[in-house]
Amino acid sequence: MDFFEEEENDNGASFRRYKAVDLAIWTFIAGIFEAVATLAASKWFPNELYCLSVTIAVVSIVMMRWGGFAAIQAVVGGAVYSFLLAGADIEKIVVYCIGNCFMLFGLLMLKFVGKEKIRSKFMLTAVFAVLMYCLAQVGRGVVGVFFGGDAGAILGYLLTDPITLLFTVVVVLISRVPDGLFEDQKHYIIRTDDERRKAGGQDYL
């Protein structure tokens, strides 16, 4: 019995379980790795000029896999980063959590350019990663303005975190290599199911 026969028989429960588990794993990754990176910068190496954030890279990958559900990792990553950096500062938490959600505008690129085109072309993948970085930083700046921040800080957010930008681009590009990692998961399951059937010589038309 293949995946889609199983999915049809249990009303899609198998796919929903897979989706829930996958999102939970990525949420754990976002939280743990953001915590480690933030502690490394703020506690262990406080004299370093830059602070690495892994959230943008994680959200980029999850958005390709599951679309708007990447908001979960955006909020978790923002909450962990702001809490470890500034403690229970509600303003900071809101700035980073809501600001990170500006990355959801990246769904427009996925929709109008196409997930498969972005996934398969090196330059488009890089452009997508840069766009996600810019959206997150602009989002944080815009939300910060609502708390009385200077509008010029928006540019500051964009220009003061080059390590995160480089990290995001490199990680997202590398994620193209493992089969199915940087790919819409419905497309991945259909593709691999078709490949298994062809390899087995089954007629499925």
Side-chain angles (χ1 to χ4, degrees), residues 3-4 7-8 11-30 34 53-79 94-143 145-146 154 157-158 161 164-195:
F3 184 91
F4 286 99
E7 180 183 349
E8 183 178 356
N11 297 318
S14 294
F15 185 75
R16 288 196 297 271
R17 284 196 298 270
Y18 170 66
K19 183 178 185 178
V21 170
D22 193 67
L23 286 170
I25 291 171
W26 282 104
T27 301
F28 177 80
I29 290 172
E34 191 65 45
S53 173
V54 304
T55 297
I56 302 174
V58 171
V59 171
S60 299
I61 295 170
V62 175
M63 188 175 291
M64 174 61 77
R65 294 170 70 87
W66 299 112
F69 285 95
I72 299 169
Q73 291 74 33
V75 170
V76 169
V94 171
V95 165
Y96 280 91
C97 289
I98 297 181
N100 281 355
C101 286
F102 273 57
M103 284 187 280
L104 293 177
F105 284 108
L107 290 168
L108 295 174
M109 182 176 178
L110 295 180
K111 176 178 176 60
F112 291 108
V113 177
K115 283 188 173 183
E116 271 307 287
K117 196 171 182 180
I118 293 171
R119 179 182 76 89
S120 61
K121 294 186 180 297
F122 182 91
M123 284 306 300
L124 284 177
T125 302
V127 169
F128 176 68
V130 172
L131 173 65
M132 294 291 281
Y133 169 84
C134 292
L135 287 171
Q137 302 292 31
V138 169
R140 295 165 184 172
V142 168
V143 177
V145 169
F146 282 94
I154 296 174
Y157 274 101
L158 283 170
D161 205 3
T164 294
L165 173 59
L166 178 61
F167 176 84
T168 300
V169 173
V170 170
V171 168
V172 174
L173 286 173
I174 291 175
S175 73
R176 298 167 69 244
V177 178
D179 187 37
L181 179 57
F182 189 64
E183 184 173 359
D184 179 89
Q185 290 305 282
K186 285 186 178 179
H187 179 275
Y188 171 68
I189 291 168
I190 292 172
R191 177 175 64 79
T192 53
D193 187 61
D194 285 348
E195 290 171 356

**Within-4.5 Å side-chain heavy-atom neighbours: N100 and V59** = no
**Asked** How many angstroms lie between atom CE of M63 and atom CD1 of I118, to the nearest 0.5 angstrom?
**Response** 10.5 Å
**Prompt:** When rounded to the nearest 0.5 angstrom, what is the spacing between NZ in K117 and CZ in F128?
**Reply:** 15.5 Å
**Message:** For S175, give me all partners under side chain to side chain donor-acceptor pair (under 3.5 Å), at least two apart in sequence or on another chain.
**Reply:** none
**Request:** Over all heavy atoms of both residues, which pair between E183 and E116 is shortest? Give the atoms and the distance, please.
**Result:** CG-OE2, 3.9 Å
**Message:** For the aromatic rings, using the six-membered ring if either is Trp, is the centroid distance between Y188 and W66 under 6.0 Å?
**Reply:** no
**Item:** V94 side chain near F146 side chain, heavy-atom distance below 4.5 Å
**Value:** no
**Contact check, side chains of I72 and W26, non-hydrogen atoms, under 4.5 Å** = no
**Item:** Distance, nearest 0.5 Å, that separates CG of L181 from CD1 of I174
**Value:** 10.5 Å
**Request:** Please report the shortest heavy-atom distance between G180 and R65, naming the atom on each side.
**Result:** O-NH1, 3.2 Å
**Request:** Taking all non-hydrogen atoms of both residues into account, name the closest pair between A79 and C97 and its distance.
**Result:** N-SG, 3.5 Å
**Asked** Which value, rounded to the nearest 0.5 Å, describes the distance between C134 atom SG and L165 atom CG?
**Response** 7.0 Å
For residues 103-110, please give each side-chain donor-acceptor pair under 3.5 Å, one per line with the distance, not counting sequence neighbours.
none

**Asked** How long is the gap from OG1 on T168 to CG on L173, to the nearest 0.5 Å?
**Response** 10.5 Å
**Message:** Could you tell me if the side chain of R119 sits less than 4.5 Å from the side chain of M64, heavy atoms only?
**Reply:** yes
**Request:** Measure the shortest side-chain to side-chain distance between T55 and Q73 over non-hydrogen atoms and say whether it is less than 4.5 angstrom.
**Result:** no
**Message:** Please find the pair of heavy atoms, one from V76 and one from T27, that lie closest to each other, and give the distance.
**Reply:** CG2-CG2, 3.7 Å
**Item:** Nearest heavy atoms of V75 and C101, plus distance in Å
**Value:** CG2-SG, 3.6 Å
**Prompt:** Would D179 and R191 satisfy side-chain contact (heavy atoms from CB on, under 4.5 Å), going step by step from the backbone distance to the final call?
**Reply:** CA-CA 11 Å; D179 187 37; R191 177 175 64 79; 2.6 Å; yes
**Asked** Taking all non-hydrogen atoms of both residues, which atom of G99 and which atom of V143 are closest, and how far apart?
**Response** N-CG2, 3.9 Å
**Item:** Criterion side-chain contact (heavy atoms from CB on, under 4.5 Å) on T164 and I56, from CA distance to verdict
**Value:** CA-CA 8 Å; T164 294; I56 302 174; 4.0 Å; yes
**Prompt:** Residues in side chain to side chain contact (heavy atoms under 4.5 Å, CB included) with V171, at least two apart?
**Reply:** A57, I61, F167
**Rounded distance [0.5 Å steps], NE2 in H187 versus OG1 in T192** = 10.0 Å
